[in-house]
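Below, read A as the first sequence line, B as the second, and so on, with proteins coming before strands; counting in each chain starts at 1. Computed from a predicted model, the values in this text were never measured in an experiment.
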There are 2 protein chains.
Amino acid sequence: MDKQHSQCSPCPVELTVNMIGGKYKLVILYQLAIHEVRRFNELRRELPNITPRTLTRQLRELESDGLINRQVYPEIPPKVEYSLSETGKSLNSILLQIENWGLKHITNNPK
Amino acid sequence: MDKQHSQCSPCPVELTVNMIGGKYKLVILYQLAIHEVRRFNELRRELPNITPRTLTRQLRELESDGLINRQVYPEIPPKVEYSLSETGKSLNSILLQIENWGLKHITNNPK
DNA sequence: CGGGATCCCATTGGATACTG
DNA sequence: CAGTATCCAATGGGATCCCG
């Protein structure tokens, strides 16, 4: 690895972690990467025991950081679709690598 | 992206986040990726305002997860060197991508 | 130098109930 | 269906002091 920029001010890794560091954020992004479009309760079912309050907040944070889009359909019953923004999509290869890393290094020897 | 494994049980992304999800863990791993070997106070200086207690705990967790090595030299004054384990090194390409992503998507338009 | 001990606070997330 | 509201628990991290 390059040894030039040992200093980070501010550290780009840290800045990125601040955006995607929530407990469920990467998993949400991962689900959206796989499914392209997901509704609120679909995500809820796919995330292990997440509460609606937490899911809402993580989605709002991802949205305000510009990583996902929130499309509201003015219908009854309500319909809201979440999807990756262009910026969010630029995380796809990282998401995939994280998934593969987990498959290789963790699920092989489950704790 | 592949749409087959929409289900995760347990989700590899989530498992990975559990290992590297600490506030400073990726930054520590990143510093070790760049410098190969770092001592306690070197890391302390490189991480923005981290307290020794927090640094100690994050290092211990990374160590018990097998991502870093802790080499103690029985000298006076004490000397402890931290470095990436082989497993830790396997995160290098992810670390680099995260750094580059941050450089591209965040430092361009600082909040 | 590389921590440990202690105390404290803030943020995050959970539980449950409710609603337009 | 897609959230809100309210309250609460836990975890993480900070501040400070101390030590071998």
Enquirer: Quantify the bending of the helix from C/dC1-D/dG20 to C/dG20-D/dC1 as the angle between its end axes, each fitted on five pairs, to 10°.
Expert: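 Comparing the first five pairs with the last five, the axes sit 60° apart.
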Enquirer: Just to confirm, is there a sub-4.0 Å distance from OP1 or OP2 of C/dT12 to any side-chain nitrogen or oxygen of A/Q58?
Expert: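 Checking C/dT12 against A/Q58, no side-chain N or O comes under 4.0 Å of OP1 or OP2.
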Enquirer: Only counting residues at least two apart or in another chain, list the ones meeting side chain to side chain donor-acceptor pair (under 3.5 Å) with B/T87.
Expert: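 Side chain to side chain donor-acceptor pair (under 3.5 Å) check on B/T87 returns nothing, list empty.
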Enquirer: Name all residues meeting the side-chain contact (heavy atoms from CB on, under 4.5 Å) criterion together with B/N100; count only those two or more places apart in sequence or in a different chain, and write none if there are none.
Expert: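 B/N100 satisfies side-chain contact (heavy atoms from CB on, under 4.5 Å) with B/L103 once adjacent residues are dropped.
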Enquirer: A/R39: what forms a side-chain contact (heavy atoms from CB on, under 4.5 Å) with it, not counting sequence neighbours?
Expert: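 Counting only residues at least two positions away or on another chain, A/R39 forms a side-chain contact (heavy atoms from CB on, under 4.5 Å) with A/E42, A/K79, A/E81.
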Enquirer: Write out all pairs satisfying side chain to side chain donor-acceptor pair (under 3.5 Å) with one or both partners inside residues 14-25 of chain A, taking only residues at least two apart or from two chains.
Expert: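 Non-adjacent pairs meeting side chain to side chain donor-acceptor pair (under 3.5 Å): A/K25-A/E61.
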Enquirer: Which residues satisfy the side chain to side chain donor-acceptor pair (under 3.5 Å) test with B/S90, sequence neighbours excluded?
Expert: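 With sequence neighbours excluded, B/S90 shows a side chain to side chain donor-acceptor pair (under 3.5 Å) to A/W101, A/H105, given in chain and number order.
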Enquirer: Which two nucleotides bound the region of DNA chain D that has atoms under 4.0 Å from heavy atoms of chain A, read 5' to 3'?
Expert: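 Contact boundaries, 5' end first: D/dC1 to D/dC7.
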Enquirer: Give B/Y73 one of three labels, base, sugar-phosphate or nothing, depending on what nucleic acid heavy atoms sit under 4.0 Å from its own.
Expert: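 B/Y73: no heavy atom of the nucleic acid under 4.0 Å.
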Enquirer: Test of understanding: with side-chain contact (heavy atoms from CB on, under 4.5 Å), list the residues that count as partners of A/R70, not counting sequence neighbours.
Expert: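 Expected list: A/R60, A/E63, A/V72, A/V80, A/Y82.
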Enquirer: Taking only residues two or more places apart in sequence or in another chain, which ones pass side chain to side chain donor-acceptor pair (under 3.5 Å) with B/S93?
Expert: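 Only A/Q97 meet the side chain to side chain donor-acceptor pair (under 3.5 Å) criterion with B/S93.
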Enquirer: When you measure from the side-chain N and O atoms of A/T51 to the phosphate of C/dG14, is any distance below 4.0 Å, counting only OP1 and OP2?
Expert: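 The answer is yes; a side-chain N or O of A/T51 sits under 4.0 Å from OP1 or OP2.
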Enquirer: Go through the structure and list residues passing side-chain contact (heavy atoms from CB on, under 4.5 Å) with B/P52, not counting sequence neighbours.
Expert: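 Only B/F40, B/R44 meet the side-chain contact (heavy atoms from CB on, under 4.5 Å) criterion with B/P52.
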Enquirer: Taking only residues two or more places apart in sequence, or in another chain, which ones meet A/E75 in a salt bridge (Lys or Arg N to Asp or Glu O under 4.0 Å)?
Expert: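 Residues passing salt bridge (Lys or Arg N to Asp or Glu O under 4.0 Å) with A/E75: none at all.
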Enquirer: Please list each protein N or O that sits under 3.5 Å from an N or O in nucleotides 1-4 of chain C, with the distance.
Expert:
| from | atom 1 | to | atom 2 | distance (Å) |
| --- | --- | --- | --- | --- |
| C/dC1 | O3' | B/R39 | NH2 | 3.0 |
| C/dC1 | O3' | B/P78 | O | 3.3 |
| C/dG2 | OP1 | B/R39 | NE | 2.8 |
| C/dG2 | OP1 | B/R39 | NH2 | 3.1 |
| C/dG2 | OP2 | B/N41 | N | 3.2 |
| C/dG2 | OP2 | B/N41 | ND2 | 3.4 |
| C/dG3 | OP1 | B/R60 | NH2 | 3.2 |
| C/dG3 | OP1 | B/R70 | NH2 | 2.4 |
| C/dG3 | OP2 | B/Y82 | OH | 2.5 |
| C/dG4 | OP1 | B/R60 | NH2 | 3.2 |

Enquirer: Quick check: do B/I68 and B/S85 have side-chain heavy atoms less than 4.5 Å from each other?
Expert: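 Answer no - side chains too far apart.
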